[in-house]
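The block underneath contains the structure these notes are about, expressed in structure tokens.
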There are 2 protein chains.
Amino acid sequence: MAGVRLQDVAEHAGVSMKTVSNVVHSHPNVSAAMRERVQRAIDELGYRPNAIGRRLATGRTGLIALAFADVRLPYFSELANVISKAAAATGPGYRLLLEETEGTIEGERAVLSASEAGLVDGMLLQPSRMSSREIAERHGDLPMVLLGEGPAPLSVDRVMVDNVAAATAATEHLAALGRERVAFVGHERSGMSSTSRQRIMGYQEGLERHGLPVDHDLLISTGAITSQDAAIAVGAALDRGVRFDGLVCRDDLAAIGALRALHERDISIPDDVAVIGWDNIAFAATTFPSLSSVAPNTQALARVALDMLAERIAGFDGIGRHRVVDFDLVLRESAPALASTDAPGGELASVHAGSAHAISA
Amino acid sequence: MAGVRLQDVAEHAGVSMKTVSNVVHSHPNVSAAMRERVQRAIDELGYRPNAIGRRLATGRTGLIALAFADVRLPYFSELANVISKAAAATGPGYRLLLEETEGTIEGERAVLSASEAGLVDGMLLQPSRMSSREIAERHGDLPMVLLGEGPAPLSVDRVMVDNVAAATAATEHLAALGRERVAFVGHERSGMSSTSRQRIMGYQEGLERHGLPVDHDLLISTGAITSQDAAIAVGAALDRGVRFDGLVCRDDLAAIGALRALHERDISIPDDVAVIGWDNIAFAATTFPSLSSVAPNTQALARVALDMLAERIAGFDGIGRHRVVDFDLVLRESAPALASTDAPGGELASVHAGSAHAISA
DNA sequence: GTGAAAGCGCTAACAC
DNA sequence: GTGTTAGCGCTTTCAC
């Protein structure tokens, strides 16, 4: 039955509301007989505490908002899953309110400027377009932790993977495989995100460390962050004579598009072109050939983000903390492990603020 | 500033709470001068209405729960995206609380038996394991609409696609392409879901209509609903000598796994084996070859489900309504359109309770 | 160990 | 047009 109130239970059991409340919360100071009597009343009436009433009284809703561009992007749905599980296990057990920004500045503003306050206890936001200044100004006093390598004001907590280091590690792996012309695929043709920018920086760093050519022709941008656009862009590059034997992809979407473009032209992977993606999405294991990929430690990311958010909710008010979580380089058929690091878990490189492990899968 | 209350604004502006409330809600009956004065107070204090207070007073939270197995499954993340957009456009603008059941009966029970009531105004649930009787018993009086072809008590609203008809259409398309041994891939090895059951029924119906062999060897089950398991299962079937020239897959995950198993064995798609998946996930367009797929009309599904839910929330209390939305058969390289129905939108078949359109993509 | 009563912030009669 | 006031359902001091 709905509409059964705490007070109804109290009357039915012939006790005060406080006593019922004590029973509901398993408070120690209540006699066994009383507990029994009240519990019977609860069961008979089918009483269920009303969440909103409780929340008005306590000031906590138990809800946190998770905001990112689009849940259809595999990385984000993976993130939503991991965070939702971790959130349920955090403190009182948080639940997730899903907010999509569509990767637009309007969407990001809307998420931060919700006209109502107090619905959620805090927010996890992966921004991509908003400037760090605007984030700092708009978030008001909503407890917040930023996800990812996007803009982040010093005043706000943030968790990310070292994208530069990871891109360097991926590029160096291709170099170690003997690749001499390594291209980068999948950054936005216009309005490049900080994600793409950092990955390209790391890619260049990797090339330079091995004395490989850094060439604008080897930067293959796409119209949108989709595998279709990547397939088109890589196909066009090949058709206009751009040659490469290794491909660092902005993400697995781009990598899957690249796979398709290469297949269409009967280019063998990894013999002719080795490919590394990013995010290690579930499909990476079943593409043909299977895809090597940079795998951010999303478990750690969720854990760290939620811990920091819980501290903020609890009242912590210090300067923003910026944390870095580690990543793996998961090596599959499209860019296999070197013979010498063939064993799963073989250490490939140790990079600043997190280690890159090469894992053969 | 947080902690600014309606009352603070009223005092600051020297008016009553009611007047402030009128301004906040853009009520007509308030003079321009008054509106101006109050608005200034709101801006000066940075007042934002508190959602929980409002919700306690109105009894509505503006939240609906969306519960399904796992947001990482592409079909569900697509659904979450479509429903979240449609929900924002429904009535007062609903937001989504994400709940994952992990496809287990415990998970489904947990979602329905949340110990607190009143947090959400209603629920959209895609059940897979729970019996219809248990659903009917447990949902209490929470406004609810069921999604998908799982168990559904007559007392509860439900929206689905006609899975039998769609599977028949897919199978018949393969028959029309001249395929003579059409297998089904991807149902659970044990504990088969009603989804798989219905799709297999439609598959059998399609075979029988064309006098094609119905053979237990042609039912290739998998351990889990993943593309990896499908790749293993299809590979094993091929290796033990099962032969087929067409494949109806339970979903695109299974289809992508099948693609991989076929590629590994140098079997040509669609020449040797034509493949049709289900759900028309984004990747279907960029696999190699691209994947033909049954495309449920998720837009319509979201629209119908939310409309029914809104009616339930508004108090509608009639018997459960079971609605069927249509689907398309999107034809790509893995099982191309017939020459005669080559034109996009060419009508393939008209099936009960929804039309199947063949669309070449 | 149990009860009474004062809020939490907002809405909506109802009165002015 | 604007103000007063009684809740919405729960928690939580503070008496008893």
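Lettering of chains follows the sequences in order, A, B, ..., and the numbering in each one begins at 1.
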- Message: I'd like to know if the side chain of A/Asp70 reaches the main chain of A/Phe68, judged simply by a donor and an acceptor atom lying under 3.5 Å from each other, with no hydrogens or angles considered.
- Response: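 No, because the side chain of A/Asp70 does not come within donor-acceptor range (under 3.5 Å) of the backbone of A/Phe68.
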- Across the strands shown, which category fits A/Thr19 at heavy-atom distances under 4.0 angstrom: base, sugar-phosphate, nothing?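 Sugar-phosphate: the residue A/Thr19, judged by heavy atoms under 4.0 Å, touches backbone atoms but no base.
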- Message: Students often get this wrong, so: under 4.0 angstrom with heavy atoms, is B/Met17 touching a base, only sugar-phosphate, or nothing?
- Response: base
So does [X] get a side-chain nitrogen or oxygen closer than 4.0 Å to the phosphate oxygens (OP1/OP2) of [N]?
| X | N | result |
| --- | --- | --- |
| A/Arg54 | D/dG9 | no |
| A/Arg5 | D/dG9 | yes |
| B/Thr58 | C/dA12 | no |

- Side chains of B/Arg138 and B/Ser113: is there a donor and an acceptor less than 3.5 Å apart? yes
Atom [atom1] of [X] to atom [atom2] of [N]: distance rounded to whole Å?
| X | N | atom1 | atom2 | value |
| --- | --- | --- | --- | --- |
| A/His25 | D/dT12 | NE2 | P | 7 Å |
| A/Gln7 | D/dG9 | CD | C1' | 9 Å |
| A/Asp8 | D/dG7 | CG | C1' | 15 Å |
| A/Asn22 | D/dC14 | CG | C1' | 14 Å |
| A/Lys18 | C/dG3 | NZ | P | 11 Å |
| B/Leu6 | C/dA12 | CG | C1' | 13 Å |
| A/Asp121 | C/dC8 | CG | C1' | 14 Å |
| B/Arg60 | C/dC10 | CZ | C1' | 16 Å |

- Query: Is the closest basic N to carboxylate O distance between A/Glu116 and B/Arg55 below 4.0 Å?
  - Reply: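 Salt bridge: yes.
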- Nearest nucleotide by nearest heavy atom, which residue falls closer to the 5' end of DNA chain D, A/Ser21 or B/Val15? B/Val15
- Message: Return whichever of B/Gly14 or B/Ala57 has its heavy-atom-nearest nucleotide of DNA chain D closer to the 5' end.
- Response: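 Between the two, 5'-proximity favours B/Gly14.
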- Message: So if I take every side-chain heavy atom of B/Met34 and compare against D/dC8, C/dT2, D/dT2, which nucleotide ends up nearest?
- Response: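 Of the candidates, D/dT2 comes closest.
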- Which residue, A/Glu102, A/Glu137, A/Glu99, A/Glu134, forms the salt bridge (charged side-chain N to carboxylate O under 4.0 Å, His left out) with A/Arg109?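 Exactly one pass, corresponding to A/Glu134.
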- Would you mind reporting whether B/Leu309 and B/Pro143 have side-chain heavy atoms less than 4.5 Å apart?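 Touching, per the 4.5 Å side-chain cut-off.
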